[in-house]
2 protein chains.
Amino acid sequence: MYLTQKSIYAIQALIYIALHDHGKFVPTREISKRLDIPFSFLTKILQVLSKQQILETYRGPTGGVRLLKRPTQISIEQIILSIDGDRLFTQCILRLPDCGNSKPCPLHDLFAPIRENLRDMLSHTMLSLLVKLVRENQAKLTSISNVNDLLRLKQ
Amino acid sequence: MYLTQKSIYAIQALIYIALHDHGKFVPTREISKRLDIPFSFLTKILQVLSKQQILETYRGPTGGVRLLKRPTQISIEQIILSIDGDRLFTQCILRLPDCGNSKPCPLHDLFAPIRENLRDMLSHTMLSLLVKLVRENQAKLTSISNVNDLLRLKQ
DNA sequence: AATAATCAAGACAAAAGACTCCGAAATCCA
DNA sequence: TGGATTTCGGAGTCTTTTGTCTTGATTATT
């Protein structure tokens, strides 16, 4: 509804990567299994995040993906912008192509502030906060697993 | 993004119908042409609004659709609920099936108030307000036409 | 050098959303 | 009564999003 599945997977994967960021590369297969994200779909998403300089990839054994920035420097807005573009933050709710302050749709004046709130919230929310909530078990990353499942070593 | 195309068409069509509500039925074909909405698609949408008791239909020459309620009694939330259901107002931004106050996703606490704002805004915004804005030419219903095009008699 | 583990990339398939078509039923009017 | 105009309802098509499969390139380990 609000986000595409791609953006959702991207946010979940980045939280997982940040949770396991000890300098080593995290394999995509591991992320895929733990978060139940289709592997080949996930690789494409991580490739985009790699081109956006949010993470780097490394091939071969011991390979995988690794953050290029600290979680305190990655906003959720930035992740969404990398994957979905700015549609969520700019598009008219009635999808009029030229809706704006000069040619508003009938809902523009009421909707624009809400859209702005959403953007502000997401631009001020850093990956580090979400990681903290998950690590402290105050939030869940998937419907099934808790943080202990996610942090446990490979089985 | 936020709304499905169906809901958008429903809102536009209801504004158009309210603009032309002089007791007569407005033919679907006319709405379709004036608002550039695919005719056969629009008929299905109007059928749903008819089952929801928002409008009534009438067949044959001089037939069409007509509001069953006054525009002051039809909220935009109600239109969206009729067509899309309550996904926009209830679904988790990360689409976790059981996200809520007890099992929140990492964005729940920040996102839920924004989703509530949107719902409040749409539940307090009545069709009559949007009609007023369009009639007074303070807002546009489509990217091309202004209110004079919409109010002009059949050409 | 051989093997295994990993990402890269393109073609393909399935699902969902958006839209079309067609025959039938209702209604008006000549 | 017959033809024109409209909605009704079901099936089907098209497009976008989501997900799969296969082959190839890179790299660590033995």
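Worth saying up front: this structure is predicted, and the values here are computed from it rather than measured. Chain A is the first sequence line, chain B the second, and so forth, proteins listed ahead of strands; every chain is numbered from 1.
When hydrophobic residues (I, L, V, M, F, W, Y) are linked wherever their side-chain heavy atoms come within less than 4.5 Å, A/Met126 remains an isolated member. With side-chain heavy atoms closer than 4.5 Å counting as contact, directly or through intermediates, the hydrophobic cluster containing B/Tyr58 also holds B/Phe25. Other members of a hydrophobic cluster containing A/Phe39 are absent, since no ILVMFWY side chain comes under 4.5 Å of it, directly or through relayed contacts.
Computed from coordinates, the B/Lys24 NZ to D/dT7 P distance equals 16 Å when rounded to whole Å. Distance, B/Glu30 CD to D/dT6 P: 10 Å, rounded to whole Å. The CZ atom of A/Arg29 sits 9 Å away from the P atom of C/dC7 (whole-angstrom rounding). Atom P of nucleotide C/dT6 and atom CZ of A/Arg66 are separated by 16 Å, given to the nearest angstrom. Atom CD1 of B/Ile8 is separated from atom C1' of C/dG17 by 12 Å (rounded to the nearest Å). Rounded to whole Å, atom P of C/dA5 lies 18 Å from atom CD1 of A/Ile31. Between the CD1 atom of B/Ile83 and the C1' atom of C/dA16 there is a distance of 17 Å, rounded to whole Å.
Put simply, B/Thr28 has a side-chain N or O that comes within less than 4.0 Å of OP1 or OP2 on D/dT7. For A/Ser40, no side-chain nitrogen or oxygen approaches OP1 or OP2 of D/dC21 to under 4.0 Å.
Under the side-chain contact (heavy atoms from CB on, under 4.5 Å) criterion, B/Asn137 pairs with B/Asn146, B/Val147, sequence neighbours left out. The side-chain hydrogen bond (donor to acceptor under 3.5 Å, both in side chains) test applied to A/Thr142 returns A/Ser145, not counting sequence neighbours. A/Pro113 is linked by a side-chain contact (heavy atoms from CB on, under 4.5 Å) to nothing, counting only residues two or more places apart in sequence or in another chain. Residues satisfying the side-chain contact (heavy atoms from CB on, under 4.5 Å) criterion with B/Arg59, sequence neighbours excluded, are absent altogether.
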Sugar-phosphate atoms are those with a prime plus P, OP1 and OP2; base atoms are the rest. Using that split, label each nucleotide of nucleotides 24-30 of chain D B, S or - for protein heavy atoms under 4.0 Å, 5' to 3'.
-> BBBBB--

Could you go over nucleotides 13-18 of chain D and give all protein N or O partners under 3.5 Å, atom names and distances?
{"unit_1": "D/dT18", "atom_1": "OP1", "unit_2": "A/Gln5", "atom_2": "N", "d": "3.0"}

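A donor-acceptor pair is defined here as one N or O able to donate and one able to accept, closer than 3.5 Å; no such pair exists between the side chain of A/Ser32 and the backbone of A/Thr28.
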Identify all side-chain donor-acceptor contacts of residues 63-89 of chain A below 3.5 Å with residues at least two apart in sequence or on another chain.
{"unit_1": "A/Arg66", "atom_1": "NE", "unit_2": "A/Glu56", "atom_2": "OE2", "d": "3.1"}
{"unit_1": "A/Arg66", "atom_1": "NH1", "unit_2": "A/Gly23", "atom_2": "O", "d": "2.7"}
{"unit_1": "A/Arg66", "atom_1": "NH2", "unit_2": "A/Glu56", "atom_2": "OE2", "d": "2.9"}
{"unit_1": "A/Ser75", "atom_1": "OG", "unit_2": "A/Gln78", "atom_2": "N", "d": "3.0"}
{"unit_1": "A/Glu77", "atom_1": "OE2", "unit_2": "A/Arg119", "atom_2": "NE", "d": "2.7"}
{"unit_1": "A/Glu77", "atom_1": "OE2", "unit_2": "A/Arg119", "atom_2": "NH2", "d": "3.2"}
{"unit_1": "A/Ser82", "atom_1": "OG", "unit_2": "A/Gln78", "atom_2": "O", "d": "2.8"}
{"unit_1": "A/Asp84", "atom_1": "OD1", "unit_2": "A/Thr4", "atom_2": "OG1", "d": "2.5"}
{"unit_1": "A/Asp84", "atom_1": "OD1", "unit_2": "A/Ser7", "atom_2": "OG", "d": "3.3"}
{"unit_1": "A/Asp84", "atom_1": "OD2", "unit_2": "A/Thr4", "atom_2": "N", "d": "3.4"}
{"unit_1": "A/Asp84", "atom_1": "OD2", "unit_2": "A/Thr4", "atom_2": "OG1", "d": "3.1"}
{"unit_1": "A/Asp84", "atom_1": "OD2", "unit_2": "A/Ser7", "atom_2": "OG", "d": "2.7"}

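Among pairs with a residue in residues 94-110 of chain B, those fulfilling salt bridge (charged side-chain N to carboxylate O under 4.0 Å, His left out) read B/Asp98-B/Lys103, at least two apart in sequence or across chains.
The shortest heavy-atom contact between B/Cys92 and B/Cys105 is SG-SG, 3.7 Å.
Remark: A/Lys44 in residues 42-54 of chain A come within less than 4.0 Å of DNA chain D through at least one heavy atom.
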